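These notes concern the structure reproduced below.
Every value quoted in this text rests on a predicted model; they were computed, and no experiment measured them.
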Amino acid sequence: MALGSTFAALRHRNYRIWAGAGFVSVIGTWMQVLGVNWYVLEQTRSATSMGLAVLLQALPTLLLSVWGGALADRLPAKPLLVAAQAVHALLAAGLAVVAVTGAGGLPAIYVIALVTGAVSAIEGPVSGRWSSTLVDPEDLGNALALGSLTNSAGRILGMSAGAVVVAAVGPALLFAVNAASFVAVVAALLAVRERERYRGGDAVVADPAVADGGIRAGFRYLLRQPVVLVALGLSFVLGSLGRNYQVTMAAMSDGPLGGGASGYGVLSTVFAVGTVLGALVAARRRELGYGMLVGAGLLASVLQIVAGLAPGTPSFAAVILPVAAAAVVIDTTVGARAQLDTDYAMRGRVLAALAVTGSVSAAVGAPLLGWLSEHAGPRQTLVLAGAVTAIATAAAGVALDGLRDRRLRHRVTRVLTAPVVRHPARRVAAMAARVARPATPAVAVVGLAPAVGVGLAPAIGPAAAPRPAGSPPPGPYLAGRRPGAGRLPSSRLVRAAHGCPGGGPARPRRRPRLAGAAPVDVPPSDYLP
């Protein structure tokens, strides 16, 4: 595919503005994440306290995302997004004040983290639904892939720059930079042209029985979408057991690989690079379908098993790279199908369900993989989790194929029942005969008549007998026949003319269908001039 197709969504002016502002905001967000973790760790010297700050920021997603989805489907998006960016900027500024003055201390950090998570939980579905109107439906998958690319690149840049800044001047500057980044988002929201937005509701009519409801209506709607439910279920399994590599990479580096903190840093960098490559792969795909989802899930599962058997850090990193790429392809495909295969009026609630699925998978999978790594071993954990996800992916593939009219089964059946070319030599000779047809076909046919037998023409009829309407001249017909079929079908007629047994009228033959003509049963006399 051409390189231009990789960035097809950027041809939309509104999306270019939004993507640029989003990249700036992502960099600031990851700077703040690093700053919060560093500040809490510096104040408490406790990894548990740092984990509590992360949990407080992620917990509202489980509780409030469904409300955010309902608001996204009911209220205008732009005012909500502008208000959310303003609140985010104030909260980031509050973190900077706490870091500089120490006012409020650690409890203030926890409260700000909780409020930030609540605002993000409501803002997420609104932003997802609104940003989907910046491109046409054909480029939506590409836009989501570029969003993953922006998030991955912004994460790498934000964490790298944040590590330098926090070591030099402390975390307060990181919070200030993040507060300023939301100004770019507000400016992008105001610069978007409403007349150039794409209204999904014009193309997809929502179910009137559920479109006007709230959260319960969203759940009822999802229950009527079995294909989306299977995709969400597969996303949960792959997210909980297949992509919690923050836990398994640390366990492998500290245990069997013996890489320590430096090895874990290398693996984290490789994983981040893999997410960028996965975003590029997803962006190059014109369409992200369920076949891509199942294929990426199987690839990630098999490679996870291989990762559990890797002997050292270099080989483990080599396997982690495509696993990270497959993870981004999976997330992008699920996000694209969740939006393209649902009614526009329910899109906010569907995106909220997707956000809840991701949060629950992380909350369930991380402790489970950590417990298994501690009691069974990191290698055994990777192999076991990879086997489970491979089985779940195969089962989901069969279920999706059944729900989608068994398309995969039909394709496999066509391949297995395709006719076998039994006579390749004849096929090649026939093709050559079609290319090199005789210059005077009538003469060629006349020359064949004496070779059949004397007295044949009077037994059949005069040579000038009229041909059926629409029949082709005999020369091209014989030239287009396969080798061996050009002999005149007259053996039975010859025997009948000479009084030999077994004679009689020859059976009509089906003339090969020509371009634009229907097959015609032609008597044997038409094979002669």
Side-chain angles (χ1 to χ4, degrees), residues 26-27 30 33-34 37 47 145 148-164 237-284 292 295-333 361-362 365-366 368-374 376-390 393:
V26 167
I27 294 175
W30 283 106
V33 170
L34 179 66
N37 293 341
S148 300
L149 176 62
T150 299
N151 188 45
S152 300
R155 177 178 182 175
I156 295 173
L157 185 58
M159 296 290 279
S160 302
V164 175
V237 175
L238 293 175
S240 58
L241 299 178
R243 292 200 305 277
N244 271 298
Y245 270 88
Q246 295 84 353
V247 177
T248 52
M249 283 193 306
M252 286 289 291
S253 181
D254 189 52
L257 300 181
S262 59
Y264 180 66
V266 171
L267 294 177
S268 299
T269 303
V270 171
F271 194 87
V273 173
T275 60
V276 173
L277 296 178
L280 290 174
V281 171
R284 289 179 64 85
M292 172 67 73
L298 289 175
L299 176 63
S301 300
V302 173
L303 290 179
Q304 182 169 333
I305 297 175
V306 176
L309 305 176
T313 299
S315 57
F316 188 84
V319 179
I320 284 295
L321 186 71
V323 168
V328 173
V329 172
I330 292 169
D331 291 339
T332 305
T333 304
S361 64
L368 177 59
L369 291 178
W371 183 85
L372 287 174
S373 297
E374 183 178 351
R379 292 189 183 277
Q380 292 79 0
T381 299
L382 284 174
V383 173
L384 177 61
V388 172
T389 55
T393 304

Open item on the list: Quick check: do L257 and R379 have side-chain heavy atoms less than 4.5 Å from each other?
Closed with: yes
TODO: Examine distances only and state if a side-chain atom of T381 and a backbone atom of G377 form a donor-acceptor pair shorter than 3.5 Å.
DONE: yes
Task: Nearest-0.5 Å distance that lies between atom CD1 in I156 and atom CH2 in W30 - done: 11.0 Å
Open item on the list: Counting neighbours of CG on N37 that are heavy atoms of other residues, nucleotides or ligands and sit closer than 6.0 Å, is the number greater than 12?
Closed with: yes
Task: Smallest separation among heavy atoms of A145 and A283, with atom names - done: CB-N, 3.4 Å
- [ ] Output all residues satisfying side-chain hydrogen bond (donor to acceptor under 3.5 Å, both in side chains) with S361, sequence neighbours left out; order by chain, then residue number.
- [x] none
Open item on the list: Under the side-chain hydrogen bond (donor to acceptor under 3.5 Å, both in side chains) definition, can you give me all pairs with a residue in residues 318-332, not counting sequence neighbours?
Closed with: S148-T332, R243-D331
Task: Residues forming a side-chain contact (heavy atoms from CB on, under 4.5 Å) with L384, sequence neighbours excluded - done: V388
Task: Interatomic distance, T248 atom OG1 to I320 atom CD1 [nearest 0.5 angstrom] - done: 6.5 Å
Open item on the list: Quick check: closest heavy atoms across A296 and V329, and the distance to 0.1 Å?
Closed with: CB-CG1, 4.0 Å
Task: Working for side-chain contact (heavy atoms from CB on, under 4.5 Å), residues L382 and M252 - done: CA-CA 9 Å; L382 284 174; M252 286 289 291; 3.9 Å; yes
Atom pairs and distances, donor-acceptor, side-chain atoms in residues 301-317, under 3.5 Å, two or more places apart:
unit_1 : atom_1 : unit_2 : atom_2 : d
S301   : OG     : G297   : O      : 2.8
S301   : OG     : T389   : OG1    : 2.9
S301   : OG     : A390   : N      : 3.4
Q304   : NE2    : L241   : O      : 3.1
S315   : OG     : G312   : N      : 3.2
S315   : OG     : G312   : O      : 2.9

- [ ] Please identify each residue that fulfils side-chain hydrogen bond (donor to acceptor under 3.5 Å, both in side chains) with T275, with sequence neighbours left out.
- [x] S152
Open item on the list: Can you give me the closest heavy-atom contact between M292 and T333, atom names plus distance?
Closed with: CG-OG1, 3.8 Å
Task: OG1 on T269 to CG on L321, rounded to 0.5 Å - done: 12.0 Å
TODO: Walk me through it: do S240 and L368 pass the test side-chain contact (heavy atoms from CB on, under 4.5 Å)?
DONE: CA-CA 9 Å; S240 58; L368 177 59; over 6 Å; no
Open item on the list: Run the side-chain contact (heavy atoms from CB on, under 4.5 Å) test against A325 and tell me which residues pass, sequence neighbours left out.
Closed with: none
Task: OG1 on T393 to CG on L298, rounded to 0.5 Å - done: 5.0 Å
